[in-house]
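One structure below.
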There are 2 protein chains.
Amino acid sequence: MTESRTAPARFPVTVDVVALTVADDALNVLLVTRLLEPFRGQLALPGGFVLPGEDLAAAAARELAEETGVEHVPGHLEQLGSYGPRGRDPRGDVLTVAHLLLAPNFPVLSAGSDAELAAWYPVSHFLDGELQLAFDHERILADAVERAKSKIEYSPLGAVFCAEEFTVAQLRAVYEAVWGTRLDPRNFHRKATGTPGFLEDTGRTTAGDAGRPAALFRLAPAARPAAGQPTRAVLNPPLMRPPS
Amino acid sequence: MTESRTAPARFPVTVDVVALTVADDALNVLLVTRLLEPFRGQLALPGGFVLPGEDLAAAAARELAEETGVEHVPGHLEQLGSYGPRGRDPRGDVLTVAHLLLAPNFPVLSAGSDAELAAWYPVSHFLDGELQLAFDHERILADAVERAKSKIEYSPLGAVFCAEEFTVAQLRAVYEAVWGTRLDPRNFHRKATGTPGFLEDTGRTTAGDAGRPAALFRLAPAARPAAGQPTRAVLNPPLMRPPS
DNA sequence: CGATTAATTGTCAAGGTGACGATAAGTGTT
DNA sequence: AACACTTATCGTCACCTTGACAATTAATCG
């Protein structure tokens with residue numbers, strides 16, 4: 001670290017959160033409608049300024065809670081990367097540390113915050129340029145989706161998109177939504193249930209749906225996201241995504 | 001992004017660089033000896049404050065050039081992650097954006113900077129706790145090494161540790177040093193030369209060493225790190241590192 | 001020139017993957 | 001109750017990759 005004799009420059013620092021979930025067989029992202037300038041009326045990632053004495057992950061969790069009206073947001077939160085500080089906010093240089101949340105489809109209180117309306121939107125609209133986002137949030141979203149795609153390949157985190165207990169078919173639907181591909185149910189079943197340390201059979205099954213009841217699984221203890229732990233890769237060899 | 005009516009907090013922002021190279025069959029990191037408080041006399045990662053109007057990558061490259069005395073530092077630079085702002089600098093909250101440089105073993109002008117002495121050190125001393133680093137740089141170094149280990153698995157970036165042209169054995173030595181394992185020369189040769197889009201035969205060979213001359217390769221055009229491009233993964237399936 | 005060293009090419013069994021057939025076990029229909 | 005229908009799960013098989021290791025090639029060394 002080089003010292004400087006003059007006082008170091010200071011930057012406004014924000015955290016933004018790309019919260020992803022799977023709903024209706026599609027990857028969705030949590031967005032807020034901006035009620036203030038700049039980009040008033042446009043959609044943006046939830047986020048806000050880091051407060052003095054606050055760490056990055058804490059700030060991300062706080063903003064998420066504030067803007068969704070959900071006290072304890074479920075899922076897996078990790079840092080994505082930093083952007084800026086130049087040329088991303090018309091008001092001036094702002095550094096933002098983007099975060100990624102992979103979560104089950106929890107409901108947001110759109111009537112919650114007084115500043116913004118939060119809701120889930122399919123990511124496809126924004127990745128193909130059909131709809132626009134405020135700031136440089138389209139780029140951040142693209143990076144986040146790419147990270148999510150590769151993350152579920154070698155980590156057990158695909159399961160955090162599901163409820164506590166889930167069927168192999170539900171897990172497969174997650175992979176299909178995130179990767180945007182179809183997977184062979186039989187081969188996926190073999191791989192998912194055959195990977196040691198990934199899934200744990202609860203012994204119970206679904207009921208009421210059409211077709212044969214499906215066994216219910218949960219994440220194996222070794223694969224469960226422990227606070228602070230980097231969620232060891234247990235999918236080795238990884239669940240390979242078919243070549244696009 | 002949530003607005004706040006009051007002016008947002010501002011933080012000092014630094015960039016730190018974990019520059020890794022392979023020398024003497026070991027992974028080495030570029031460190032500077034601090035000549036000023038805090039942590040005076042201790043080893044630290046090169047880095048410094050981001051200047052107004054400067055982007056993160058530019059700041060990292062500038063600090064690297066300043067502290068090594070090398071105008072155009074070779075290798076592949078990418079962002080690693082952000083740390084802080086709390087509890088990492090005794091002078092107060094400082095946010096740092098760590099970067100990772102994977103580079104061939106270039107010489108540093110230790111007589112260069114007037115503020116610090118830069119030199120290469122084997123990473124093993126710091127990962128096993130034998131030697132200490134200033135600030136939270138041990139943690140950053142550990143994260144960087146982990147990133148490097150996985151990066152060379154599925155990307156062609158192992159080659160950036162080598163010179164422009166290199167032999168398969170030299171590339172294998174890189175993998176062995178970074179992963180800390182031994183690899184079978186025959187299987188490694190098959191995989192490295194057999195992966196489409198990875199290596200390109202120059203047609204020339206080494207001479208003068210003991211043993212049969214080795215063919216000289218360079219990175220294939222498709223695998224070469226283009227400025228701005230995220231260096232597409234071409235190792236598919238990846239070069240698998242043996243289970244530790 | 002033979003011994004040594006290192007690079008490169010082969011061989012082979014074991015295990016993983018993709019494609020796809022066959023069963024199993026429910027629900028809905030007649 | 002028998003049937004069609006749907007979804008889950010198990011099985012099969014050819015192909016490919018990997019890890020272990022033998023054999024060959026082509027230099028240097030003494």
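Annotation: of the two residues near DNA chain C, Leu239(A) and Ala215(B), the 5′-most nearest-nucleotide partner is Ala215(B).
Here the CG atom belonging to Leu56(A) is positioned 9.5 Å from the OG1 atom belonging to Thr96(A), to the nearest 0.5 angstrom. To the nearest 0.5 Å, the span separating CZ on Phe217(B) from CD on Gln170(B) amounts to 11.5 Å.
Without hydrogens or angle criteria, Arg241(A) side chain to Trp179(A) main chain gives no donor-acceptor distance under 3.5 Å. Of the possible polar contacts, one joining the Thr202(A) side chain to the Leu216(A) backbone as a donor-acceptor pair under 3.5 Å is found.
Checking each of Val15(B), Val18(B), Asp16(B), Leu80(B) against His99(B) for a side chain to side chain contact (heavy atoms under 4.5 Å, CB included) leaves exactly one that passes, namely Val15(B). Considering His76(B), Glu146(B), Glu78(B) as possible partners of Lys151(B), the one that fulfils the side-chain hydrogen bond (donor to acceptor under 3.5 Å, both in side chains) test is Glu78(B).
Between the CG atom of Leu235(A) and the C1' atom of dT17(C) there is a distance of 15 Å, given to the nearest Å. As a whole-Å value, the separation of Leu171(A) CG from dA8(D) P is 12 Å. Distance CG (Asn236(A)) to P (dG16(C)): 11 Å, rounded to an integer number of Å. A straight line from CZ of Phe188(A) to P of dC20(C) spans 20 Å, rounded to a whole angstrom. Between Asn187(B) atom CG and dA13(C) atom P the separation is 16 Å, expressed in whole Å. To the nearest angstrom, P of dG16(C) lies 18 Å from CG of Asp184(A).
Remark: Asp128(B) CG is packed, more than 12 non-hydrogen atoms of other residues, nucleotides or ligands lying under 6.0 Å away.
Residues Asp136(B) and Ile140(B) are in side-chain contact: their nearest non-hydrogen atoms beyond the backbone lie under 4.5 Å apart. Contact check for Lys149(B) versus Val145(B): side-chain heavy atoms found under the 4.5 Å cut-off.
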Item checked: Summary of protein contacts for nucleotides 25-30 of chain C, nucleotide by nucleotide, where a base hit scores B, a sugar-phosphate-only hit scores S (4.0 Å, heavy atoms) -> BBS---
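Between the base of dA22(D) and the side chain of Arg186(B) there is a donor-acceptor pair shorter than 3.5 Å.
Of the residues in residues 189-201 of chain A, those placing a heavy atom less than 4.0 Å from an atom of DNA chain C are Arg190(A), Lys191(A), in numerical order.
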